[in-house]
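Owing to the predicted nature of the structure, the values given are computational and were not obtained by experimental measurement.
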Amino acid sequence: AEEFGASLCGHASRPVNPQLLWAADDVIAMTQSHLDALAARYPGIGPAPRLLCGDHDLDDPIGAGTEVYRECARAILQHLERLLPEWVGS
């Protein structure tokens with residue numbers, strides 16, 4: 001993240017729960033299996049989840065080399081830039 005100008009110092013992952021979903025403006029998943037799990041566990045709670053990459057999964061880089069992680073970060077950034085105007089109303 002640092003290589004892309006971001007800091008994750010204050011970030012901590014946390015499990016999804018109904019309160020987080022109800023409070024969310026948008027729910028973005030990385031894979032179809034994540035969407036399926038959300039639909040099965042929390043049907044109808046919060047905004048309809050959608051995939052970050054539109055119509056396909058984001059490849060998981062776990063266990064790969066540094067360059068694969070960089071490619072994944074670039075893909076995430078590209079998709080976030082696509083979504084940003086929707087979120088800020090531009």
Side-chain angles (χ1 to χ4, degrees):
E2 252 179 42
E3 289 182 23
F4 291 88
S7 170
L8 298 178
C9 292
H11 174 72
S13 68
R14 52 190 169 160
V16 173
N17 63 54
Q19 295 77 20
L20 284 175
L21 292 172
W22 281 123
D25 293 320
D26 210 344
V27 177
I28 305 297
M30 301 296 183
T31 67
Q32 184 63 49
S33 64
H34 294 152
L35 289 182
D36 295 343
L38 286 169
R41 187 158 187 192
Y42 304 106
I45 298 177
R50 55 192 173 138
L51 287 175
L52 174 68
C53 298
D55 60 355
H56 64 278
D57 289 356
L58 179 68
D59 290 333
D60 189 342
I62 194 156
T66 304
E67 190 51 40
V68 174
Y69 276 87
R70 286 184 181 117
E71 289 172 23
C72 184
R74 284 190 285 273
I76 291 170
L77 184 58
Q78 176 186 6
H79 289 289
L80 289 175
E81 287 173 342
R82 176 181 51 80
L83 292 170
L84 192 59
E86 176 186 327
W87 291 335
V88 297
S90 297

A.B. asks: Using side-chain heavy atoms (C-beta onward) and a distance below 4.5 Å, is R50 in contact with L83?
C.D. replies: yes
A.B. asks: May I ask you to decide if D59's main-chain N or O and D57's side chain share a donor-acceptor pair within less than 3.5 Å?
C.D. replies: no
A.B. asks: If only atom types and distance count, is the side chain of Y42 paired as donor or acceptor with the main-chain N or O of A37 below 3.5 Å?
C.D. replies: no
A.B. asks: Are V16 and W22 in one and the same hydrophobic cluster, where Ile, Leu, Val, Met, Phe, Trp and Tyr link if side-chain heavy atoms are under 4.5 Å apart?
C.D. replies: yes
A.B. asks: Does a side-chain heavy-atom distance below 4.5 Å link L80 with W87?
C.D. replies: yes
A.B. asks: CG/D36 to CZ/R41 distance, rounded to the nearest 0.5 angstrom?
C.D. replies: 15.0 Å
A.B. asks: State, to 0.1 Å, how close A29 and L35 come at their nearest heavy-atom pair, and which atoms those are.
C.D. replies: CB-CD2, 3.6 Å
A.B. asks: Between CG of D60 and OG of S33, what distance do you get to the nearest 0.5 Å?
C.D. replies: 9.5 Å
A.B. asks: Establish whether L58 and I28 are linked, either directly or via other cluster members, by ILVMFWY side-chain heavy-atom contacts under 4.5 Å.
C.D. replies: yes
A.B. asks: Please check if the side chain of R82 supplies one atom and the backbone of L52 the other of a donor-acceptor pair under 3.5 Å.
C.D. replies: yes
A.B. asks: Heavy atoms only: give me the nearest F4-A73 pair and the separation to one decimal.
C.D. replies: CE1-CB, 3.4 Å
A.B. asks: How many angstroms lie between CD1 in I76 and CD in E71, if you round to the nearest 0.5 Å?
C.D. replies: 12.0 Å
A.B. asks: Quick one: does D26's side chain get under 4.5 Å of E86's, heavy atoms only?
C.D. replies: yes
A.B. asks: Determine whether a donor-acceptor pair (N or O, by modelled atom type, separation under 3.5 Å) exists between the side chain of H34 and the backbone of T31.
C.D. replies: yes
A.B. asks: Do other residues, nucleotides or ligands put more than 12 heavy atoms under 6.0 Å from the CD atom of E2?
C.D. replies: no
A.B. asks: Could you give the distance from CD (E3) to CZ (R74), rounded to the nearest 0.5 Å?
C.D. replies: 9.0 Å
A.B. asks: How close do P18 and I45 get, counting heavy atoms only, and between which atoms?
C.D. replies: O-CG2, 3.9 Å
A.B. asks: Of the non-hydrogen atoms in M30 and L51, which two are nearest, and what is the gap between them?
C.D. replies: C-CD2, 3.9 Å
